[in-house]
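Some notes on the structure that comes next.
Quantities reported herein were computed from a predicted structural model and do not represent experimental measurements. This chain uses plain numbering: 1 for the first residue, then up along the sequence.
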Amino acid sequence: MLESILLRILTGLMQRLPEEHSVWCKALIAEAAEIHKSGERLRWMTGGVVVALRTYALNRIDAVTTDLDGKRLPAMVLIIASYQVLFSLVLVGLLTFQLGRVRESWTDALPVLLIAFFVAIVPGVLGFGLLILDDAARWGTLVFSIAHALLAFHRLSTAPVSPTLPTMRIVFDAFIIAILLCPVIRRRFQDRALQLNLR
C-alpha cells in the first residue's frame with residue numbers, strides 16, 4: 001500500500017522535474033524493483049521521494065525567484081511582492097469572513113461587495129506583476145503604497161487609536177517606495193519591459 005503511494009508520487013514527480021532529475025527518478029524506480037526485501041525497498045523509495053520532493057520544491061522556488069532571462073530577482077522585490085500578495089489574501093479573507101454579517105438585501109450589497117473584492121485583489125495582482133518585473137506593476141505598487149501611507153497617517157492623526165500599527169504601516173510603505181524608486185531596482189524593471197506585438 002505505502003509502496004504504491006510512493007511509486008505514484010515518484011512517477012508524478014518524474015513527469016514534472018527537468019530531464020536530468022526525471023532520469024534519476026526513473027533509475028530510482030528501476031533500482032527499487034530489484035530490492036527483494038520489503039523493508040529495504042520501502043526505505044529506499046522513501047529516501048528517493050524525500051530527495052525528489054526537495055528537488056521539485058527548489059526548482060519551483062527558482063522558477064518564482066528568477067526572471068525570464070534566468071537572472072535572480074532582487075531579494076527586496078521578492079519581499080515586497082510577497083507582502084502585496086499576503087496583504088491581498090488577508091483582505092479577501094476578511095471580506096469573505098464578513099459575508100455572514102451582511103444585513104442588507106443582496107441586490108443592494110452585491111455591487112458594494114464586488115467593488116470591495118476588486119479593490120482587495122489589486123495588491124495581489126500588483127505583487128504578481130512585480131515578480132515578472134512589470135514596470136506598470138512597480139508604478140501601481142508605488143501609488144498603492146503612497147495611498148496606504150496617507151490613509152495610515154490620516155488615521156493616526158484623527159482616530160484615537162494606538163499609534164504602533166499605523167506607524168509600522170507608514171514605515172513599511174516608505175520602505176517599499178524607497179526600494180522601488182532605487183535606481184538599481186528601477187533599471188531591472190525597465191530592462192524587462194514587455195512588448196506586445198499585435199499583427
Rounded to the nearest 0.5 angstrom, the CD1-CG distance for Ile177 and Leu142 is 6.5 Å
Taking all heavy atoms of Leu181 and all of Arg186, pick out the closest pair and write down the distance.
O-NH1, 2.9 Å
Path from Leu95 to Ile121 over hydrophobic side-chain contacts below 4.5 Å:
yes
Under 4.5 Å between any side-chain heavy atoms of Phe144 and Phe87, yes or no?
yes
Going from CE on Met45 to CD on Glu31, what distance comes out if it is rounded to the nearest 0.5 angstrom?
12.0 Å
With the 4.5 Å side-chain cut-off for hydrophobic clustering, are Val125 and Ile146 part of the same group?
no
Tell me, with the steps shown, if Val119 and Leu91 meet side-chain contact (heavy atoms from CB on, under 4.5 Å).
CA-CA 9 Å; Val119 171; Leu91 287 178; over 6 Å; no
Provide the closest heavy-atom pair for Ser88 versus Ala120 in the form atom of the first, atom of the second, distance.
OG-O, 2.5 Å
For the student: nearest non-hydrogen atoms of Leu28 and Trp44, plus distance
O-NE1, 3.3 Å
Would you check if the side chain of Arg138 reaches a backbone N or O of Leu180 as a donor-acceptor pair within less than 3.5 Å?
yes
Between Trp24 and Gly48, the two heavy atoms sitting closest are CH2-O, 3.7 Å
Rounded to the nearest 0.5 Å, how far does CD1 of Ile179 lie from CG of Leu130?
12.0 Å
Can you measure from CD1 (Ile80) to CZ (Phe175) and round to the nearest 0.5 angstrom?
5.5 Å
Side-chain heavy atoms nearer than 4.5 Å, only ILVMFWY residues, links allowed to pass through others: does that put Val143 and Val77 together?
no
When rounded to the nearest 0.5 angstrom, what is the spacing between CZ in Arg169 and OG in Ser145?
13.0 Å
Is there a path from Phe128 to Phe118 through hydrophobic residues (I, L, V, M, F, W, Y) whose side chains come within less than 4.5 Å of each other?
yes
I need the minimum non-hydrogen distance between Leu6 and Thr46, along with the two atoms involved.
CD1-OG1, 3.5 Å
4.5 Å side-chain heavy-atom contact, His148 and Phe172:
no
Ignoring hydrogens, what is the shortest heavy-atom contact between Leu17 and Ser22? Give both atom names and the distance.
O-CB, 4.1 Å
Which residue in the set Leu131, Leu126, Leu89 passes side-chain contact (heavy atoms from CB on, under 4.5 Å) when paired with Gln84?
Leu126
Measure the CG-CD distance between Leu94 and Gln98 for me, rounded to the nearest 0.5 Å.
7.0 Å
Begin from the C-alpha positions of Leu110 and Leu114 and carry the test side-chain contact (heavy atoms from CB on, under 4.5 Å) through to its verdict.
CA-CA 6 Å; Leu110 193 59; Leu114 289 175; 4.2 Å; yes
Hphob cluster co-occupancy, Leu86 + Leu78, side-chain heavy atoms under 4.5 angstrom
no
